[in-house]
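Since the structure is predicted, the reported quantities are computational estimates derived from the model, not experimental observations. Residue numbering restarts at 1 for every chain, and letters A, B, ... go by the order of the sequence lines.
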There are 4 protein chains.
Amino acid sequence: MIVKAASRGRKRSSSATHAVCAAALLLARQLGPNRVTIEGIAAEAGVAKTTIYRRWPNAAAVVMDAFLAEIEPLIAYRRGHSVAETLRNALTDFARALDPGRRDLLRHMIGAAQSDPDLARAFWDNWIRPRREEGLAAIEAGGLSRDEGALLLDLVFGAFYYRLLIPYAEIDDPWIDALVRKVCP
Amino acid sequence: MIVKAASRGRKRSSSATHAVCAAALLLARQLGPNRVTIEGIAAEAGVAKTTIYRRWPNAAAVVMDAFLAEIEPLIAYRRGHSVAETLRNALTDFARALDPGRRDLLRHMIGAAQSDPDLARAFWDNWIRPRREEGLAAIEAGGLSRDEGALLLDLVFGAFYYRLLIPYAEIDDPWIDALVRKVCP
Amino acid sequence: MIVKAASRGRKRSSSATHAVCAAALLLARQLGPNRVTIEGIAAEAGVAKTTIYRRWPNAAAVVMDAFLAEIEPLIAYRRGHSVAETLRNALTDFARALDPGRRDLLRHMIGAAQSDPDLARAFWDNWIRPRREEGLAAIEAGGLSRDEGALLLDLVFGAFYYRLLIPYAEIDDPWIDALVRKVCP
Amino acid sequence: MIVKAASRGRKRSSSATHAVCAAALLLARQLGPNRVTIEGIAAEAGVAKTTIYRRWPNAAAVVMDAFLAEIEPLIAYRRGHSVAETLRNALTDFARALDPGRRDLLRHMIGAAQSDPDLARAFWDNWIRPRREEGLAAIEAGGLSRDEGALLLDLVFGAFYYRLLIPYAEIDDPWIDALVRKVCP
DNA sequence: CATTAATCGAGACGGTACGTCCAGTCTTTAA
DNA sequence: TTAAAGACTGGACGTACCGTCTCGATTAATG
């Protein structure tokens, strides 16, 4: 998370924090993620701008936090009988979790991270890395080496994000299946 | 390209167009691509804002045009004796063309395209698609089907862009080699 | 005046200027002069903030300009048969021109000038000095020396402003009469 | 003074009070009196904002208190052999007590009082009135009526403050001398 | 001697306004 | 018509302070 911390003095209002995150998500869906502004969030959440700036550095960080909090619980690795099955599960579960709104949000988060190192770091630490670690563990449990696993993940998740960001075609089950079969002979 | 056209009356000053592109690239390198503004370009290029708006819809489009004009000639497919060699050539040439400045620029263009459909279209039409077509042709010449080729490109270029955007690790020759060997047995 | 000037490009809208001054005076009367803000003026005048900032450096300068434009025509020296009569005329005319609203405005302008040199200069150049020059000329026409005239003006206008700023008592005709008789024997 | 009082419970820390006044004066000199803020004083004095608000209503009041406490002891009426001499003493002593820093402070206090009735009252009660009473007493002791004395004080102190606030010229001994001679024939 | 009321520091809170940047449009003069 | 110059409306920025409000910790007189 990006939220800053504090200790002495008056406690931070957690209701304000929640209101801000909720407002950020709402606006991201309503207006598109790149039209979310601090002033808009503040108005929607019934909170002062300063209260937001005290916790997050900019609007994209708020949206990132809200997005991560929302999506994190939705995805968990379902290990299969084989490495191929585990990969297939991960990809299809991921694809299903991404309704169009979340898909836009995710595309935008990655986009914003390209010009904001803090955001990039947050994204990597809170989204990519933990899922990658889980994936590597699952693959190692299937009997492959860690390097081999990294290569597999690069290939299939690379292709997945590629289609996510440069949308020349759909992400569907047959395509996922072909991907997995190609790299797990 | 994104540049709009015109015909009657005074001819458009092509020196102005070039000055604008040069200024856009300069500012993109100096300030980072996302801090390039129309006003900044206008001032740097010694040109009026209206002159820019007459040609491009927004600052990102200028940078995109300038970037594509700069990078396009740098990359051409070198076909090899086999599909694997062709892929390897394409990836290593690409990696070499991306000095850190251009790499940032490219990352940022992709990022910006995530929240600007026009930009996304321009990027797809002028950068991704032609290169993809070239790649497919090369693979078909190597005896594989078009669908098979599409899958190969998704996998290796997916992985490539994945590492480009989410930079947990370097893009180097051994890694490229491992990628290609994995998908071209 | 404090308004800045320009020449090439689009002409400055004089209707905007007038609307801003009118709004400034209105708000100064409604809320008290020190609660006039740029944002308030902009809203009241139906004008963008930038349009105001392009012409004036801050809210006090707008109010100053508006105040001077309003009050300047109201006061003109009426020369009398004697120096004493001229002074008395000047003071009573001044007192009558200051309805409570304008009196507050004047007090506030002087107050604000104490912590803003530009404002002080504008006040001196556009209000105090021209009136002082007129007064000196009238007194010289009455046969006194310039130095003598300066001393007279210091004394009677000093007393006048003193009572204006530190309001322990009223400014009325008998008091003015006593002042003048004291210094013009 | 403006300081509020209290009785039961923990005693107010007088060291805090002093620290606040000292900080207020320091900042008034360093930044100019109108840029003194409660937050600035609190930080400079190492004191919580609430501690200041418990005693004073706003920043100007703190500065006023600090200023009065500093300047009050510096000026005491020196009665002369004549009314003229007494006036001359008062004016020259006053002029001498006003080094440039204090002069700015005094100008600013008067300025601030123009848009803050409480401040105006405090200024009048603690600075102007006591000194005026002393002056009237001295003049009465010289054999003049109270009304006559009031007129004299209006004239000479009026002129004095006039030059203080609208600084077109210096306040020096010859000018003071001329003033006094003009009104005390 | 415990209670209790006031004070202290720290700092979060809802607000207002600031002055700036930039967007995209419009107007003016010159070429 | 296009170009440059620059004014226009407007949205949002991030900051500075305001005055108020919790907090938990002291500090003293009172019961």
What's the [atom1]-[atom2] distance between [X] and [N], to the nearest Å?
X	N	atom1	atom2	answer
D:Arg10	E:dG9	CZ	P	8 Å
A:Glu39	E:dT20	CD	P	17 Å
D:Ile52	F:dC17	CD1	C1'	13 Å
A:Tyr53	F:dC17	OH	C1'	16 Å
C:Asn34	E:dA17	CG	P	12 Å
C:Lys49	E:dC21	NZ	C1'	11 Å
C:Arg12	E:dC26	CZ	P	21 Å
C:Ile41	E:dT16	CD1	P	18 Å

Answer with base, sugar-phosphate or nothing: what part of the nucleic acid does D:Gly46 contact at a heavy-atom distance below 4.0 Å?
-> sugar-phosphate
Between [X] and [N], is there a contact of a side-chain N or O with OP1 or OP2 at under 4.0 Å?
X	N	answer
A:Thr50	F:dT15	no
A:Arg35	E:dA23	no
D:Arg54	E:dC8	yes

Proximity to the side chain of C:Thr51 - top-ranked nucleotide from E:dG14, E:dG19, F:dC8 =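 The answer is F:dC8, which lies nearest to the side chain.
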State which of E:dG19, F:dC8, E:dG9 makes the closest approach to the side chain of C:Ile38.
->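 Minimum distance to the C:Ile38 side chain belongs to E:dG19.
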Check whether [X] reaches the backbone of [Y] with its side chain - one donor and one acceptor, N or O, closer than 3.5 Å.
X	Y	value
D:Glu39	D:Lys49	no
B:Asn126	B:Ala122	yes
D:Arg55	D:Thr51	yes
C:Gln114	D:Met109	no

Walking DNA chain E from its 5' end, the first of A:Ser14 and C:Val36 to be reached, judged by nearest nucleotide, is A:Ser14
Going by heavy atoms in the side chains, are A:Leu105 and A:Leu25 under 4.5 Å from each other?
->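 A side-chain contact under 4.5 Å exists here.
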